[in-house]
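Below: one structure, written as structure tokens.
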Amino acid sequence: MSTGHTLHALAEAIDDAFARWDRSHLHEFEFPATGRRATEHRYLDGVEDPDVELDADVVCVGEVLQPGQEFRYTFDLGDNWRHTCRVESQPIEVTKVLGTVPERPLPYWGWGTIPDAYGRMWDGDTGENPVPAPPHRPWPWSNAPAPTLTTLHCPGQYTLLQDLDDR
């Protein structure tokens, strides 16, 4: 990421990392070191304090963040998907790590399960219906090995390891 990229571009990279497809929600950055915050002013009725409230579509990363600083990013101000982030102290060698120089910020490392923004675990999950059994033949090719275990995971709620022979 370049210090010349806007905070909006940084928000898109964070949302890409979490596979967020519904980008219609408001987001906000908070910068504890300066007491400032940023969101997209085009969605606000008015700005209370222009010295504190920054426009994420205009302000560049290098204007508000320095190497080693922490900041917070909140996606969907109603559901409050909060992230505490830190700018690396040393820049990465982009072509060595990625093999290219991307045109915009993008995630390049991470771990864990990507949560669904609405907590759904499968297509048709209403939050009240039971966890469905895995498909009897989950592989689309005829010579695939027979599955013996499957894992269903919902971060912060449950991890279910199911033995397929016990069905």
Side-chain angles (χ1 to χ4, degrees), residues 1-127 138 140 150-160:
M1 171 180 61
S2 164
T3 57
H5 283 110
T6 64
L7 292 172
H8 178 87
L10 176 57
E12 287 181 340
I14 295 169
D15 293 341
D16 286 348
F18 285 89
R20 292 187 177 122
W21 54 269
D22 183 0
R23 306 280 175 101
S24 63
H25 300 284
L26 286 176
H27 60 256
E28 179 180 73
F29 288 92
E30 295 175 69
F31 308 104
T34 62
R36 299 170 97 184
R37 60 184 174 265
T39 192
E40 295 162 314
H41 286 187
R42 61 190 150 140
Y43 296 120
L44 301 177
D45 291 334
V47 177
E48 292 179 21
D49 185 351
D51 291 331
V52 174
E53 308 270 341
L54 305 172
D55 188 348
D57 285 328
V58 177
V59 174
C60 293
V61 171
E63 295 176 56
V64 290
L65 290 170
Q66 300 300 315
Q69 278 187 323
E70 275 195 2
F71 65 96
R72 288 187 284 277
Y73 173 71
T74 303
F75 172 78
D76 187 346
L77 301 182
D79 285 339
N80 288 315
W81 287 81
R82 296 176 187 214
H83 306 275
T84 298
C85 309
R86 186 184 75 243
V87 178
E88 286 292 334
S89 297
Q90 299 295 318
I92 65 167
E93 293 182 41
V94 177
T95 53
K96 185 176 180 181
V97 173
L98 302 176
T100 186
V101 177
E103 295 179 20
R104 61 187 186 90
L106 59 92
Y108 69 92
W109 183 83
W111 72 96
T113 303
I114 296 174
D116 179 79
Y118 303 102
R120 297 173 298 215
M121 290 300 300
W122 60 88
D123 187 27
D125 181 9
T126 65
T150 185
T151 302
L152 302 171
H153 181 67
C154 183
Q157 294 182 23
Y158 66 84
T159 297
L160 172 66

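Being a predicted model, the structure only gives us computed values, none of them experimental. Just so it is clear, the values below take in all heavy atoms, side chains as well, and ignore hydrogens, waters and symmetry mates.
Here Cys60 contributes atom SG and Leu65 contributes atom CG; the two are 11.5 Å apart, rounded to the nearest 0.5 Å. In this structure, the separation between OG1 on Thr74 and CG on Asp79 is 11.5 Å, given to the nearest 0.5 Å. Once rounded to the nearest 0.5 Å, the distance linking CD of Glu53 with OG1 of Thr39 reads 8.5 Å.
Residues passing the side-chain contact (heavy atoms from CB on, under 4.5 Å) test with Ser89: none are found, sequence neighbours excluded. Residues meeting the salt bridge (Lys or Arg N to Asp or Glu O under 4.0 Å) test with Asp55, sequence neighbours left out: none. Not counting sequence neighbours, the partners of Val59 by the side-chain contact (heavy atoms from CB on, under 4.5 Å) test are Leu7, Leu54, Glu63, Val64. Among residues two or more places apart in sequence or in another chain, the side-chain contact (heavy atoms from CB on, under 4.5 Å) test is passed with Glu28 by Glu30, Arg37, Leu77. Among residues two or more places apart in sequence or in another chain, the side-chain hydrogen bond (donor to acceptor under 3.5 Å, both in side chains) test is passed with Glu12 by His8.
The aromatic rings of Phe31 and Phe29 sit parallel to each other, their planes meeting at less than 30°, with 60° as the upper class boundary.
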### Query
Going through the distances and angles, do Ile14 and Phe75 end up as a side chain to side chain contact (heavy atoms under 4.5 Å, CB included)?
CA-CA 9 Å; Ile14 295 169; Phe75 172 78; over 6 Å; no

### Task
Go through His25 and Trp81 one step at a time and tell me if the side chain to side chain contact (heavy atoms under 4.5 Å, CB included) criterion holds.
CA-CA 11 Å; His25 300 284; Trp81 287 81; over 6 Å; no

### Stepwise side chain to side chain contact (heavy atoms under 4.5 Å, CB included) test for Phe71 and Val61
CA-CA 11 Å; Phe71 65 96; Val61 171; over 6 Å; no

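For the pair His5 (side chain) and Gly62 (backbone), a donor-acceptor distance under 3.5 Å is absent. A donor-acceptor pair is defined here as one N or O able to donate and one able to accept, closer than 3.5 Å; no such pair exists between the side chain of Thr84 and the backbone of Arg72.
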Going by atom type alone, with no hydrogens or angles, which donor-acceptor pairs under 3.5 Å involve a side-chain atom of residues 93-100 and a protein atom two or more places apart or on another chain?
none

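Smallest separation of non-hydrogen atoms from Val87 and Gln66: CB-O, 3.6 Å.
A salt bridge (Lys or Arg N to Asp or Glu O under 4.0 Å) check over residues 80-91, counting only residues at least two apart or in different chains, returns the pairs Arg86-Glu88.
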